[in-house]
Structures are given as structure tokens and as C-alpha cells.
Amino acid sequence: MADVSLKQIIESVLFVSDSPLSLDRLCSILEEFEREEIRAAIDAITADCTSNQRGIELILVAGGYQFRSRPELGDYIRRLKRAKPARFSPSSLETLAIIAYRQPVTRAEIEYLRGVDSGGILKSLLDKKLIRIIGKKDIPGKPLIYGTTKEFMETFSLKDLASLPTLREIEELADSGDDTDQVLLPLDGVE
Amino acid sequence: MADVSLKQIIESVLFVSDSPLSLDRLCSILEEFEREEIRAAIDAITADCTSNQRGIELILVAGGYQFRSRPELGDYIRRLKRAKPARFSPSSLETLAIIAYRQPVTRAEIEYLRGVDSGGILKSLLDKKLIRIIGKKDIPGKPLIYGTTKEFMETFSLKDLASLPTLREIEELADSGDDTDQVLLPLDGVE
Amino acid sequence: MLPDPEQSPLFANDDPDSCLVRTEAFEGPLDLLLHLIKKNEVDIYNIPIAAISRQYLDYLDLMRELNLDVAGEFLVMASTLIQIKSQMLLPLTPDPESEEDQTLDPRAELVRRLLEYERYREASTLLASREILDRDVFARKFIPAELDTAAPDDALPEIDLFELVDAFRRILAKAPKDSFHEVGSENISIADRIADILAYLEEKETVDFEELFIGTNTREFIVASFLAVLELCKLRMIRLTQFENYGRILVNSTVIKDAA
């Protein structure tokens, strides 16, 4: 198969995949190629999409590469899809934000931060696979702990968790005397 | 949206569509464009794919246009499939769930709960080493008794079976206040 | 000039027709409080607690007047506010932990909560403004024809833990009623112990009963182990033998070794 280039191979593989493919994954599929060659081909495809007025672009999301339609074409695609575009209620976004930034986190912690019962929202986020049960926390009552999923990163076009938008830091309370980490919640016994 | 070309629009629409789109369908989606313009854009995309050493091509199939990977790249694409973990079918998931939560359990008990024959599924779960035969029950017929394996725990990163979320924990989520109907209330203009 | 918060009415309403707001716009008491703080243009670090709690309670009253359920969380916050208000009336207590001449502000914890809540709310708007898959951008999320025909693989499938529980939940929902029994954590640790004991017996054939209880000596563990032994006896997968009164009890595996 000397007449096809690595760029063509990678384009076709990424094209048919229904989920983002990491560089590692591509390297293991295309074992006869060097990692550096593969990386260079990906860069070339990315550049082609940008410069050649294409309708799709290659992006890095959830640790993998995926072709996606260009955001400015969303309007036309929605005509095709007819289905209601994904919508998130403020409460589910709030809950997701807390889980994303504080994971692993328990339901009690989420509810303390939001000030409201969040069971129904957790259930629906679990159903949508945006969050998952990571395990149980080793404290009395062994509450479930939650974290975000790959689907969460895919949905919000995040390269990885570290690329979550950074938040304005909370200024320490003036004169409050205690400089506890904001990671600690006064939750003991709240369960 | 004057800054995007019809070619880009059509590429993105064809890209996301899970079935071939006919010229008629494209014309009805992109009603602000002339049929001839659309046809010309399709031809241009087809030509681009051929001349630019691309990994995909635009073909006319079943009366519609669809991007497909180039046939000579089939080998690589099949590697992708081989490397991809299969999704669990709902019936295997059900069976695995019963075994996880009810172990030690016999096939008859599983089938009683599921209401359908589960022999084939048990076989495939055994093959995948997610379940194992623990022994035989000392009742007439000496049915086999099934339980989960170490691999099962590893798959789910479970420390022990006690870390499986309990049914009650999930029920509690489901029962608590779902997004109730929103009520209109007179207040000063918030957003 | 900041308006005097004590004078600023909550429901200042010049145009009654244009002022419908959804109660759900307040996701909870913290949301409502933040709204009141913004509306009154007061400093979050120096909340005029008396005025804000009065407005807060006014809002709850309004909800009740409209026969709306006031969620428990709103009431809990109301009592917190009242408590803070009464503490504010007392002379500030010096903080014994602090060498400096500092005092504990009764509002401190509430302020911290509000700030943190505000931060996550900000985070949620950042999330909402991203390019969301299936809203702003689209990907191919289906198995294309050229892959569909390829041979399936033997790799372990990916499942989420929640999917597993949820599947079990669905099964029980449609299963015959008499099969229903609560699956608690206790039940699961029994299953755990059954698996351990059988694995143990696979190597040793016969063991001392007490050997099965070696491990963590928590009450839970012992109870689970004991129930596991009982369950295994019931299933006749093990046999217990005792040689004399109060003597050692031996445990045998009766499992028929069988290549599956």
C-alpha cells in the first residue's frame, strides 16, 4: 500500500471513528508508523482544514482527535438534524460545574454548595453519561462520589480537565482569621 | 453568514448526516441556494477529494451523497474496529447486573428475573471472564451457580463488592425532586 | 451613591406587566440571596443582614401567598439569617484563637458560601458558552457502513457502573413481585464473603471454621462472613463438621470440580 499517504490513512480513520482517538490509540492502530510521523500528519490535516475553507475541523477533545463541523455552520446542520439541540438547565449546569471543578465530590458536598437538593439532577446527569459514580468515599456512611466523564469533555469541547476555564479566585475573607482551603467544606455531620 | 461558502456548508452537512443525502434533500435544507449552485458545490467537493490526496471520497450511493473512506484504506479502518471495545448490549448488561447484585445465582433465577432465555448471554459473559461458575447447587438438576470475577471488579475499578452502589442509593437519587414545573411569579425584572 | 439598603424595597415595581420571573430562576436560597445582594448593590463582605433577611422573608411570604411550595432549603436559610441577625446585635466576641485583635463575624461562613456559590454559577455560564456538541458543533456519532461489516472483537466492553445498577433497577421494576428483596450494602458484602470463602476453599479443601474469620475484625465483616457461611451451607456448597462438643469446626468444600 505504498500509494497512500499516512495523512490519508489518518484522515479516513479519524473520519469513521465515532469517538475521539488519542495519539496513543492512533499509534497502536498504525503500529508501522512512528509516533512523530503520526503527530506530523495530524498537524498537517489540522492545517489543511483551516486553510482550505473546509466545513469541518480537526480538534483535540477529551484527550483525542475528532473531526467536527465548524461552529459557524451550526445553523445549517440544525436544519438537517431537526431534533432539538442539546439544552442544559441552569441547575444542571451549576451541578456539572461543581462536579467538574471539585471532583471527586459527594452529593452532600454538592448540595451544600448549591443550597438545594440535587438528587434528581444527579440522576439525570448520570443518565446522560455526563457524570459517573467513581466509587465510595471512605467516611462514615460511605457516600457515593461523583466525577465527570469523557462524554462531559466531548460535550463541552474540552481537551482535558485541565483546560476547564479558570475561575476567578475567591479572595480570602478579609479579617476572617481562618485561611482554610476552599477545598474543605464544613460538612462533617451534615450527611 | 456571508463568510462561509456553500461548499463548506455542504461538506459539514454531509459530514454529520448518518445517511446519504439526495440532491432534493439538500435543496430543501438549503433553500436559499439554487439547485445548480448546490450541484456545482457537490462536484467541487468530489473533485477536491480526488485531487487533494484525501482519505475520504464523496460518492453517490442509494440516490444520495455520502462521504466514505477510500476503499484502499479499508485495512486500516478495520484495525480501528478490532481495537475498539464493543458496547454492551442491554441484555448482557441486565444479566451482568443480576449476577453482580444477586450472586450466587443460578441460570434459572436469572431467567426468572429477566423473563427470557439467557444461556447465550451467560456464555459470552463467561468468555469475557466477567462472571464465573462458582459451583453447583445441591438441588435436583444440580444447576450451576454464577458469580462475578476479579476481572469484573477491575473493569469497574471496584475495591470490593461492597463498593458497588446499592440499589437504594440510586433510588434515592431518582426519587428526589426532579425538575418540577416552573411556576411564574410576579417579581421585579430579573434578567 | 448606593441606595440605602434598608429603604430599598424588594419588589419595586413600576411596570407590573413586565415583571414575571420564574421561581425556578432562583435555584435555591443562595441564588435568591445573591440576587438580593446585587439588587441592593451592597457589599457582599458587609451584608446589611437586617435588610437582606427582611427582603428574603418577604419573598418567602410572597411565595406562600401565591400558594407555592416553599422548599425546605429556603426555610433553613431563613433561620440561618435570623440567627446571624441576632448574633449581630450582640457585641462582637473576640476570637480566642487569634493573637491579633480580631473578631469573628457571624456572617463569615455565609459570605464564604455565597462567594463560592457565585463562583460555580460563573463556572456554569462559562460551560454554557462553550461550543457544545450537538448544539453548536456536530460530530459523526454513528458507526459508518464501512465499519459495520468489520468483524466484531473480543475486547472487554466498556460499561459504566451506573449503567449496571440502573439495569438492575429496571429488571426489578419489571420482575415478578415476589422476587423482590432489598439489596443493601450488607447483602453485597455477604456476596463478597461468599466469593472470598469459595476462592479460599478452592486452594485448601478443608479449613478451620475460625480461619474464615481472619481478616478485619469489624463487626460488619464477622456478621457478613457468618451469613456467608450459612448461605453456602444452605446452597450445600460447603459442609460443616464438628468432632466433639465445643471442638473445632471444619469447613469442607462440596463444590463439584467441573470444567466449565
Side-chain angles (χ1 to χ4, degrees), chain A residues 15-20 59 61 66-71 74 77-78 81 83 85-91 93-98 100-101 111-117 126-127 129 132-135 142 149 154-158 164-165 167-171 173-178 182 186, chain C residues 24-33 45 71-74 76-77 95 97-98 100 102-105 108-109 111-113 115-147 160-163 165-166 185:
Chain A
F15 185 80
V16 297
S17 172
D18 60 352
S19 56
I59 61 158
V61 62
Q66 188 175 47
F67 281 117
R68 290 199 171 175
S69 64
R70 300 180 68 90
I77 295 173
R78 283 188 289 274
K81 295 269 175 185
R87 283 209 50 204
F88 293 96
S89 69
S91 3
L93 284 170
E94 231 177 69
T95 311
L96 266 176
I98 291 172
Y101 284 91
E111 293 182 341
Y112 177 78
L113 288 169
R114 294 194 58 224
V116 288
D117 180 284
L126 281 166
D127 282 338
K129 290 190 201 297
R132 66 194 181 95
I133 297 166
I134 299 178
K142 299 224 183 292
T149 58
E154 288 180 33
T155 303
F156 290 94
S157 308
L158 292 163
L164 274 171
L167 296 178
R168 187 171 45 84
E169 286 309 310
I170 301 182
E171 295 153 66
L173 286 182
D175 301 329
S176 77
D178 71 337
Q182 52 96 10
Chain C
E24 292 292 315
F26 295 117
E27 300 294 333
L30 295 174
D31 200 15
L32 172 54
L33 275 178
Y45 293 100
E73 297 99 355
F74 282 92
V76 172
M77 180 58 75
D95 183 352
E97 301 290 301
S98 171
E100 292 156 56
Q102 283 186 339
T103 46
L104 278 179
D105 189 328
E109 173 57 24
V111 170
R112 199 206 325 267
R113 258 183 103 178
L115 286 174
E116 177 133 21
Y117 176 72
E118 195 182 26
R119 190 159 168 257
Y120 286 117
R121 215 170 51 169
E122 185 191 343
S124 73
T125 60
L126 287 176
L127 280 182
S129 67
R130 294 191 63 82
E131 275 158 14
I132 294 180
L133 187 63
D134 292 334
R135 186 190 73 177
D136 311 306
V137 290
F138 299 83
R140 288 162 59 99
K141 299 297 262 183
F142 51 92
I143 309 279
E146 50 267 56
L147 261 189
D160 186 79
L161 200 48
F162 169 73
E163 289 181 73
V165 205
D166 209 40
S185 54

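Looking at C:R119 and A:Y101, their side chains never come closer than 4.5 Å, going by heavy atoms from C-beta outward. A:L113 is not listed as a side-chain neighbour of C:Y117, based on a closest heavy-atom distance of 4.5 Å or more. Side-chain contact between C:L127 and A:L164 is present, with heavy atoms from C-beta onward closer than 4.5 Å. For the pair C:P29/A:V116, a side-chain contact is recorded, criterion being any heavy-atom separation below 4.5 Å from C-beta on.
Looking only at heavy-atom pairs under 4.5 Å with chain C, the residue among A:R87, A:R70, A:K129 that has the most is A:K129. Note on A:I133, A:I77, A:I134: by heavy-atom pairs under 4.5 Å with chain C, the leading option is A:I77.
Both the backbone and the side chain of C:R135 come within contact range of chain A, judged by heavy atoms closer than 4.5 Å. Contacts of C:R140 with chain A are made by both backbone and side-chain atoms, with heavy-atom separations under 4.5 Å. Heavy atoms of A:L158 lying under 4.5 Å from chain C belong to its backbone as well as its side chain.
Of the charged side-chain nitrogens involved, at least one lies within less than 4.0 Å of a carboxylate oxygen, so that A:E154 and C:K141 count as a salt-bridged pair.
Separation of atoms OG1 (A:T155) and CD (C:E131) is listed at 13.5 Å; rounding is to 0.5 Å. Here the CG-CZ distance, from C:D136 to A:F156, works out to 10.5 Å after rounding to the nearest 0.5 Å. To the nearest 0.5 Å, atoms CG (C:D166) and CG (A:L126) are separated by 8.5 Å. Here the CD-CD distance, from C:E73 to A:E111, works out to 7.5 Å after rounding to the nearest 0.5 Å.
Remark: side-chain polar atoms of A:E94 are not paired, donor with acceptor, to backbone N or O of C:Y120 under 3.5 angstrom. Checking side-chain atoms of A:S157 against main-chain N and O of C:I132 turns up no donor-acceptor pair under 3.5 Å.
What you find for A:Y112 and C:R113 is that their closest heavy atoms are O-NH2, 2.9 Å. For the residue pair A:A97 and C:A123, the shortest heavy atom distance occurs at CB-CB, 3.8 Å.
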Requested in this report: Carefully, step by step, assess A:L93 and C:R121 under the rule side chain to side chain contact (heavy atoms under 4.5 Å, CB included).
Outcome: CA-CA 8 Å; A:L93 284 170; C:R121 215 170 51 169; over 6 Å; no
Query raised in the report: Step by step, would you call C:V137 with A:I59 a side chain to side chain contact (heavy atoms under 4.5 Å, CB included)?
Result: CA-CA 11 Å; C:V137 290; A:I59 61 158; over 6 Å; no
